[in-house]
Amino acid sequence: GYIQACRGLMISAVCLGFFGAVFGLIGMKCTKVGGSDKTKAKIACLAGLIFILSGLCSMTSCSLYANRITSEFFDPSFVAQKYELGAALFIGWAGASLCIIGGSIFCFSIAENSNSPRRGYTYNGAASVMSSRTKVHNSVPDKTPPKHFDKNAYV
């Protein structure tokens, strides 16, 4: 019975991860699907919640299976074949942890959008030392015609 429960939890984790990825793609700022930035932030937060739920399902499944393996391994009255914790359990725990961390990052991405909008800065131009000196000390306008350079003068 516990193997069927673990299978069900893992299948639900995979399905939730798929839907989380779809909502995550829709909720990104770089896509044109999903509407305004506020709507995309809400969709990204929903994707984060789905990823967290997927990670919890996977973590529960791996932990339930590991608990059963360790309880059978240390039981002296258990005479059937005993299993050990394998690489698949550790990969499952690592993947579940990454899903939970990634989902929480998605959930915190909505906090950036709720702040006040960024102020735009205007560029005033760079004032070099030579241009500021010529403006101050050169009060008489220069009557020389402007010089025209061709392509070879810049090389």
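All values reported here derive from a predicted model rather than from experimental measurement. Residues take their numbers from the sequence shown, with the count starting at 1.
The hydrophobic clustering, which links ILVMFWY residues whose side-chain heavy atoms are closer than 4.5 Å, places F108 and I50 apart. Connection of I3 to W93 is established within a shared hydrophobic cluster, with ILVMFWY side chains joined at heavy-atom distances below 4.5 Å, either directly or through further cluster members. Grouping the Ile, Leu, Val, Met, Phe, Trp and Tyr side chains by contacts below 4.5 angstrom, directly or via other members, places F74 apart from I69.
No side-chain donor-acceptor contact under 3.5 Å links S58 to the backbone of G55. One N or O on the side chain of S12 and one on the backbone of G8 form a donor-acceptor pair closer than 3.5 Å.
Heavy-atom minimum distance, S54 versus G17: OG-N, 3.7 Å. Considering all non-hydrogen atoms of both residues, C57 and L16 come closest at SG-CD1, 4.2 Å. For the pair K40 and M28, the tightest heavy-atom approach, listed with the atom from each and the gap, is NZ-O, 3.0 Å. The shortest heavy-atom contact between S61 and C6 is OG-O, 3.1 Å. Between L85 and L89 the shortest heavy-atom distance is CD2-CD1, 3.4 Å. Here the shortest heavy-atom pairing between A44 and F106 reads O-CB, 3.6 Å.
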Worked verdict on R68 versus L64 for side-chain contact (heavy atoms from CB on, under 4.5 Å): CA-CA 6 Å; R68 184 66 179 229; L64 180 66; over 6 Å; no
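Atoms CG and SG, from L49 and C107 in turn, are 4.0 Å apart once rounded to the nearest 0.5 Å. Distance check, rounded to the nearest 0.5 Å: CG of L46 to CZ of F51 gives 10.5 Å. In this structure, CD on E72 lies 10.5 Å from OG on S77, to the nearest 0.5 angstrom.
Residues forming a side chain to side chain contact (heavy atoms under 4.5 Å, CB included) with L98 (at least two apart in sequence, or on another chain): none. For S36, the side chain to side chain contact (heavy atoms under 4.5 Å, CB included) partners are K38, T39, not counting sequence neighbours.
Of the candidates L56, T60, V14, T60 is the only one forming a side chain to side chain contact (heavy atoms under 4.5 Å, CB included) with L9.
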Indicate every side-chain donor-acceptor pair of residues 19-27 with a distance under 3.5 Å to a residue at least two apart or in another chain.
none

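A 6.0 Å sphere centred on OH of Y2 holds more than 12 heavy atoms belonging to other residues, nucleotides or ligands.
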